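To start, the structure itself, in structure tokens.
Everything numeric in this text was worked out from a predicted model, so none of it was measured. All residue numbers in this chain count up from 1 along the given sequence.
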Amino acid sequence: MAAAAVLEAGSVRHFEELLQKSDKSLLVVHFWAPWAPQCSQMNEVMAELVKVQPGVTFVKLEAEAIPEVSEKYEITSVPTFLFFKNSQKIDKLDGAHAPELTKRVQRHASNASFPATSNSAPKEDLNERLKKLINVAPCMLFMKGSPQEPRCGFSRQILDILNKHKLQFSSFDILSDEVVRQGLKTFSNWPTYPQLYINGELIGGLDIVKELEASGELETMCPKAQSLEDRLKALINKASVILFMKGNKQMAKCGFSRQILEILNNAGVDYETFDILEDEEVRQGLKSYSNWPTYPQLYVKGELIGGLDIVKVA
């Protein structure tokens with residue numbers, strides 16, 4: 001029977017029971033924390049969604065209170081939403097994005113990707129969005145997966161080429177957004193992925209990139225990437241005081257980061273932040289560079305001060 005309200009999983013066993021009971025219907029789980037105001041806001045969004053999606057089961061689960069579940073599904077920040085069908089995870093959404101949450105619930109609940117036809121206004125909006133995406137960086141790769149975890153052989157091969165020549169590029173995972181995945185095929189009149197764009201212009205797929213590599217043209221078309229060490233040096237010296245944390249000044253995404261923000265704010269310190277959840281390369285690289293295995297990390301004038309415990313003492 002469809003849930004009439006947002007349920008709360010109070011234990012591992014309760015969560016597993018809810019997962020099994022959902023069967024073929026959609027189960028949406030909000031991993032939240034009581035100290036994060038954005039989580040309370042998203043709980044309110046779910047309370048509204050349950051009214052218009054009676055066939056969907058909405059569950060909230062306190063991430064730090066039931067660590068076994070959070071660790072199993074690799075939850076590293078709150079709010080995070082997981083989508084399940086047939087007891088299998090089918091999607092994940094990080095952050096407090098109410099419109100995106102609503103859209104994904106509608107998509108997964110209907111069992112359909114997206115309608116084949118749409119009116120002209122949404123199509124115009126999509127075209128504007130695609131234009132912005134292909135111009136996010138001078139060299140932009142639309143691929144299946146991410147540079148850290150490519151999810152098809154063609155994407156892996158094109159990554160190997162770009163990385164071999166140490167070219168600087170950004171990427172977009174087309175598996176994370178079906179609207180972009182289908183829309184870009186029409187927008188660019190190119191039916192397959194990966195797709196490489198330079199300065200907003202489509203270059204092509206893997207075969208074209210291979211030809212450009214063979215002719216030597218590819219190296220002249222994309223900017224060279226900074227080495228990770230140079231990039232980390234630049235980042236830790238970006239401000240006199242910079243905090244590498246989960247989240248940002250406005251929205252901490254873990255309890256330790258929230259505590260260190262409170263200390264800095266109460267002390268009246270002028271500081272900048274870097275969200276390590278937004279950049280896996282920096283997140284992993286800085287641990288080795290600074291020989292400090294955890295976050296948050298506070299730097300003053302390019303020198304590591306330490307994490308929360310050190311800052312508390314200081």
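- Once rounded to the nearest 0.5 Å, the distance linking OG of Ser170 with CD1 of Ile134 reads 13.5 Å.
- The two atoms that bring Leu159 and Pro147 nearest to each other are CD1-CA, 3.8 Å, heavy atoms only.
- With contacts defined as side-chain heavy-atom distances shorter than 4.5 Å, the pair Leu49/Thr102 qualifies.
- Under 3.5 Å, the side chains of Gln195 and Lys185 contain no donor-acceptor pair of N or O atoms.
- If you run side-chain hydrogen bond (donor to acceptor under 3.5 Å, both in side chains) between Arg104 and each of Gln106, Glu100, His108, only Glu100 comes through.
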Using the rule given for salt bridge (charged side-chain N to carboxylate O under 4.0 Å, His left out), can you reason through Arg258 versus Glu262, listing the C-alpha separation, both sets of side-chain angles and the distance that settles it, and then say yes or no? CA-CA 6 Å; Arg258 177 179 55 83; Glu262 289 175 353; 3.3 Å; yes
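- A pairwise comparison of heavy atoms in Val78 and Ala33 identifies CG2-CB, 3.9 Å as the closest pair.
- Put simply, the side chain of Val6 does not reach to within 4.5 Å of the side chain of Val59, judged on heavy atoms.
- Residue Ile158 comes nearest to Leu206 through the heavy atom pair N-CD1, 3.8 Å, listed as atom of the first residue, atom of the second, then distance.
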| request: Please test Leu133 against Val180 for side-chain contact (heavy atoms from CB on, under 4.5 Å), starting from the C-alpha separation and ending with a verdict. | output: CA-CA 9 Å; Leu133 280 174; Val180 171; 3.8 Å; yes
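- How far CZ of Arg151 is from NZ of Lys144: 10.0 Å, rounded to the nearest 0.5 Å.
- Within 6.0 Å of CD on Glu74 lie no more than 12 heavy atoms contributed by other residues, nucleotides or ligands.
- In summary, Lys72 and Glu68 do not engage in a salt bridge, as defined by a charged side-chain N under 4.0 Å from a carboxylate O.
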With side-chain contact (heavy atoms from CB on, under 4.5 Å) as the test, would you mind laying out the steps for Leu286 and Ile236 before giving the verdict? CA-CA 10 Å; Leu286 195 59; Ile236 65 176; 4.2 Å; yes
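- One distance of note links CG of Leu196 with CE of Met140; it measures 10.5 Å at 0.5 Å rounding.
- Using a 4.5 Å cut-off on side-chain heavy atoms (C-beta onward), Leu61 and Val69 make contact.
- Both Phe274 and Ile263 sit in one connected hydrophobic cluster of ILVMFWY residues. Membership requires side-chain heavy atoms under 4.5 Å apart, directly or through other members.
- At most 12 heavy atoms of other shown residues, nucleotides or ligands fall within 6.0 angstrom of atom CZ in Phe154.
- No hydrogens or angles considered: nothing links the side chains of Gln20 and Glu16 as a donor-acceptor pair under 3.5 Å.
- Crowding of Lys238 atom NZ: a count of heavy atoms from other residues, nucleotides or ligands under 6.0 Å not exceeding 12.
- A 6.0 Å sphere centred on CD of Glu149 holds no more than 12 heavy atoms belonging to other residues, nucleotides or ligands.
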Working for side-chain contact (heavy atoms from CB on, under 4.5 Å), residues Phe81 and Met46 = CA-CA 11 Å; Phe81 294 86; Met46 286 214 305; 3.9 Å; yes
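- With 3.5 Å as the limit, one finds no donor-acceptor pair spanning the side chains of Gln38 and Trp32.
- At least one side-chain heavy atom of Arg283 sits less than 4.5 Å from a side-chain heavy atom of Thr76.
- Residues Gln53 and Phe58 are in side-chain contact: their nearest non-hydrogen atoms beyond the backbone lie under 4.5 Å apart.
- Atom-to-atom distance recorded for Ser155:OG and Met143:CE is 4.5 Å, nearest 0.5 angstrom.
- The cluster map of Ile, Leu, Val, Met, Phe, Trp and Tyr, joined by side-chain heavy atoms under 4.5 Å apart, puts Leu304 and Ile310 in the same cluster.
- Taking 4.0 Å as the cut-off between side-chain N and carboxylate O, Glu17 and Arg13 count as a salt-bridged pair.
- Taken from CD in Glu303 to CG in Asn237, the straight-line distance is 8.5 Å, to the nearest 0.5 Å.
- One finds the OG1 atom of Thr192 at 8.5 Å from the CG atom of Asp207 (value rounded to the nearest 0.5 Å).
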Just do the side chain to side chain donor-acceptor pair (under 3.5 Å) check on Ser290 and Gln297 with the steps written out, would you? CA-CA 9 Å; Ser290 61; Gln297 294 183 16; 3.2 Å; yes
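- No continuous path of ILVMFWY side-chain contacts below 4.5 Å connects Trp35 to Met251, so the two sit in separate hydrophobic clusters.
- Nearest heavy atoms, Cys139 versus Ile198: SG-CG1, 4.3 Å.
- In summary, the side chains of Asp94 and Thr80 do present a donor paired with an acceptor at a separation below 3.5 Å, with no hydrogens or angles considered.
- Leu18 approaches Leu27 most closely through the heavy-atom pair O-CD2, 4.3 Å.
- Counted within 6.0 Å of NZ on Lys92, heavy atoms from surrounding residues, nucleotides or ligands total more than 12; the atom is thus considered enclosed.
- One side chain, Ser188 or Tyr197, offers a donor N or O that lies under 3.5 Å from an acceptor on the other.
- Residues Asp177 and Arg129 are paired through a salt bridge, judged by an N-O separation under 4.0 Å between the basic side chain and the carboxylate.
- Taking the side chain as every heavy atom from C-beta outward, His30 and Pro79 approach each other to under 4.5 Å.
- The side-chain heavy atoms of Leu26 and Thr57, taken from C-beta on, include no pair separated by under 4.5 Å.
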Derivation of the salt bridge (charged side-chain N to carboxylate O under 4.0 Å, His left out) call for Lys210 and Glu213
CA-CA 5 Å; Lys210 282 181 175 179; Glu213 180 192 28; over 6 Å; no
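- Residues Phe244 and Tyr295 share a closest heavy-atom pair of O-CD2, 3.7 Å.
- A heavy-atom distance below 4.5 Å is found between the side chains of Met245 and Leu261.
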>> Applying side-chain contact (heavy atoms from CB on, under 4.5 Å) to Ile75 and Leu82, what does each step give before you reach the verdict?
In response: CA-CA 9 Å; Ile75 304 300; Leu82 295 187; 4.1 Å; yes
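- Using a 30° and 60° split on the angle between ring planes, Phe84 and Tyr73 fall in the perpendicular class, above 60°.
- A donor-acceptor pair under 3.5 Å is absent between the side-chain atoms of Asn86 and the main chain of Gln88, judged by distance alone.
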